[in-house]
Amino acid sequence: MTDSAKPTLLVVDGHSLAYRAFYALPVDNFSTKDGQHTNGIYGFLAMLINLIKAEKPTHLAVAFDTSRQSFRTREYAEYKANRSETPSEFKGQIPILQDCLAAMSITVLQKEDFEADDILATLATQAAAEHYDVLVCSGDRDTIQLVNDDITLLYPNVQGVSQLKRYDRQAVIDRYGVPPEQYPDVAALVGETSDNLPGVPKVGEKTAVKWLNQFGSLDELLDNADKVTGVVGGNLRAHLDDVRRNRTLNRLLTDVELPVTVAELEVKPMDAQAVRDIFARLEFKTLIPRVAELAGIEQQMAAVTSAAAVPMPAAAELAASELLAWLEAVEGEVGVTVLTEGGQPTRLGVATLEAAAEATWTPELAETLGSWLASDAPKIFSDAKAQVKALRRVGLRVEGLAFDTIVAGWLLRPSFPDKNLADLVDRYLDEKLPEADPTQLVPETEGATPGQLSWFTMRVTEALRGELPESVARVLTDIELPTLLTLADMELAGVAVSHGTLSTFSAELGERADAIAQQAFQAIGREVNLGSPKQLQEVLFDELQLPKTRKTKTGYSTDAAVLADLQESNPHPFLDLLLQHREATKLRQIIESLDTAIGADGRIRTTYVQTGSQTGRLSSTDPNLQNIPVRTDESRRIRSAFEVGEDYETLLTADYSQIEMRIMAHLSEDPGLIEAFNSGEDLHRFVGARVFAVDPADVTPAMRTKVKAMSYGLVYGLSAFGLSKQLRIEQSEAKQLMMEYFARFGAVRDYLRSSVEQARIDGYTETIFGRRRPFPDLASPNRVLRENAERAALNAPIQGSAADIMKIALFRIHEEFMSRDLRSRVLMQIHDELVVEVAPGEWEVAEQIVQDRMGDAADLSVPLDVQIGRGPNWNEAGH
DNA sequence: GATTATACGTA
DNA sequence: CGTACGTATAATCA
């Protein structure tokens, strides 16, 4: 490519290429855990590294614009004036990118009043004069004019920065039909919309090139404009000044005074430590080795990257008594790993940061280690819950849980939780956890043993602790870890569910669904799959000619809300039958999935996913017990199948009433809302009385419905549009309602606004207890993304604080049941509700404990109201 | 067989 | 154009 005898200068337009990378790379994949966006930085550096590797420049510089202002804007105020505001999340990446370049010892140039391209032009011209080979890398077309026999342009493809096209003199002629020095003439005629430089109307590249070839030069063309025929000729004559102005502005300066000479741009050795530090901070794991290779400093980099890469210790295989002695000799924390098969322990490994030991699981081992496991001796797990459960199945309890790497990792980045220890080792240690290749019968690579896994757990813990803000660390130890141990017991307990009740109901619903389907087929004269949205669209919109509804990706929606609307505007028996069919089959689905989940002992055991939400809530899977129907009388029959277990007396349900609105009252300190909760009056009646300026006694059901929807909607960032849709009222009325509401409860609005504002500043939201959730999208240039983030950010502290409070109440109840030797036990958590199985004779004490611990879980400026119910099954207890 | 889209259950 | 979840089915992809 380049003459190896000659030095090669590579000059790069940092701004334009980073900007392309910014739009080419998905921001979600390129954000650090504290919310810093890095897609532009990453994309630019990846490209630059490839470029250096391929071109091996001897001299190198990157130029940046200083601002939107330059001598060009002074000459022509409208220059680039049409460009939308540079997204702030991109702007923020530029200084960091410059820091990266500095660490890599790459010269960064920028100069007030000049654009990056002028700097490129100056350097390129000087270097060419000094017989360098020059490579100019820019995304700005104006740099085409620089190309000559010594200067080659590397120009990114439209897709982004992954492909650079090489323009030498011939390539420019082939592509544009004019030599490089004439390209600015073409550009001047055509104009540049992105720079707000209008050209001659109706003149594109083709016409411009034709004219230039015809007249020989732009000056000749402009002097002889009257010889150009047709409409475009007229246009040309009307826009001569525009063309001249364009030509002036698109000429790059080649005499910008710079603080360096070309010779001084010689490639220098990198500061390995600085590169490692900044790349680590930006979480650019994969770039570190690439840079190192490039700079020929693998060894230096390896030395620093693996400064902590202590060789993995071999785990000593010990007998039970030896293992106990080993553990008792440890002063501080111990990493613990329990391997399981079928929910039973098979191996156990322990480790400190220095050494590891392990043993195969035997009854003797259980006997020997039981009291150590149940002691306060601090233990650290990765994903403790399943292991704690396995130990409980063989009769052992775990106490002294001091850390869980998976839970800690989730608290740090709830949006992208790392699923296992290997992920954490990769992210926080930048090493690979040795894993056996599961596809090979006799794996070539050995996986880490349980002792070694514990050792990695300890090292990951050390790294995570360095990253956990204090408030988040408190959430871990004060809320999550006690909750984890409680959830293990709840999952093991399960809940008794009556197969008979479910199967009777299921059969009934099956028959009904079939009958409804037959009627529905009659109504439209043919059979379709009622479960297929696609087929339904044909029926509704083609055959029945019903008006088109809300658009979806693949057509038009047929969801329940849409069908109900259609039924109102265009009544048709098929619509109602379809809705009924949906309802019956949906219930049946839920019942069937529950039924198959009933275990041999008649109980269903769910798994609570502690790291499954972004707000701090739990989720429940396999089966999900947090979405059991409740809204209709009929669906509640499912809940009646959830029964008190054998040897127990009754079920107890306890739920927080309006906990989110209470948190809102507390956080906003709105005097009206606080008074509402302290008054003992029904919340919506109280609010309704204020909003509609009537006596509480005179609040009509319609008023109550409206303020209730408004109150609940607030927590989700509801708009007037959404409120009007839900209440089926005019948008103007919804707007009016919101105005009245905020006139009386203004502090609520102030709080919501300021909390989003604070999140924009901090990059994250925080619950009352210090749980954080990052929101990088609050700075997004994309309005949809940004507004979604705003609503989520508004909701997160409220939903998250409620989750915190419930978790605190939950584990305190569990702990008190245990410490008081009660048999009663918590079975389920449904966000703001607990279901407890009460042992005979324990009702009074259990009720008191639940009431008290839920009531005093948090000290808010309003009371926490707890509703308790009792019954032989969930349905009756829930009333 | 795995993935995507739609729909719908809960707080 | 209302937050947070999990799951079932049909349609579509490889």
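Side chains are part of it too, since the values below use all heavy atoms of this structure and drop only hydrogens, waters and symmetry mates. First the proteins, then the strands, lettered A, B, ... as listed; each starts at 1. Everything numeric here is computed off the predicted structure, so don't read it as measured data.
A donor-acceptor contact under 3.5 angstrom links the side-chain atoms of A:N627 to the base of B:dG9. A donor-acceptor contact under 3.5 angstrom links the side-chain atoms of A:Q726 to the base of C:dG2. At a cut-off of 3.5 angstrom, the base of B:dA11 holds at least one donor-acceptor pair with the side chain of A:R617.
Taking every side-chain heavy atom of A:K534 into account, C:dA11 is the closest of C:dA11, B:dA7, B:dG9. Of the candidates C:dT3, B:dA7, C:dG6, the closest approach to any side-chain atom of A:R582 belongs to B:dA7. Counting only heavy atoms from C-beta on, A:Y716 has its side chain closest to B:dA11 among C:dA4, B:dA11, B:dA5. Here the nucleotide nearest the side chain of A:R631, chosen from C:dC5, C:dG6, B:dT10, is B:dT10. When the nucleotides C:dA4, B:dA5, C:dT7 are ranked by their closest atom to the side chain of A:N795, C:dA4 comes out on top.
No engagement by A:D655 is indicated, since no non-hydrogen atom pair under 4.0 Å with the nucleic acid exists. Counting non-hydrogen atoms under 4.0 angstrom, A:Q589 reaches the backbone sugars and phosphates but no base. At a threshold of 4.0 angstrom between heavy atoms, the contacts of A:T585 with the nucleic acid are absent. Residue-level contact check: A:E833 touches neither bases nor backbone, having no heavy atom under 4.0 Å from any strand. Residue contacts for A:S635: at a heavy-atom cut-off of 4.0 Å it reaches no nucleic acid atom on any strand shown. Contact annotation for A:V609: no contact, since no heavy-atom pair falls under 4.0 Å across all strands. A:A560 comes within contact range of the sugar-phosphate backbone alone, with a heavy-atom separation under 4.0 Å but no base atom that close. Backbone-only engagement by A:K553 is indicated by non-hydrogen atom pairs under 4.0 Å involving sugar-phosphate atoms exclusively.
No hydrogens or angles considered: a donor-acceptor pair under 3.5 Å links the side chains of A:S657 and A:D865.
The CG-C1' distance, from A:L563 to B:dC8, rounds to 12 Å in whole Å. Here the P atom of nucleotide C:dC1 and the CG atom of A:N788 are 8 Å apart, to the nearest Å.
Contact check, A:R773 against C:dA4: a side-chain N or O comes under 4.0 Å of OP1 or OP2. The phosphate of C:dA11 (OP1 or OP2) has a side-chain N or O of A:Q535 nearer than 4.0 angstrom. Taking only side-chain nitrogens and oxygens, A:S719 comes nearer than 4.0 Å to OP1 or OP2 of C:dG2. OP1 or OP2 of B:dA5 has not a single side-chain nitrogen or oxygen of A:T552 nearer than 4.0 Å.
In this structure, A:R526 pairs ionically with A:E543, as a charged nitrogen and a carboxylate oxygen lie closer than 4.0 Å.
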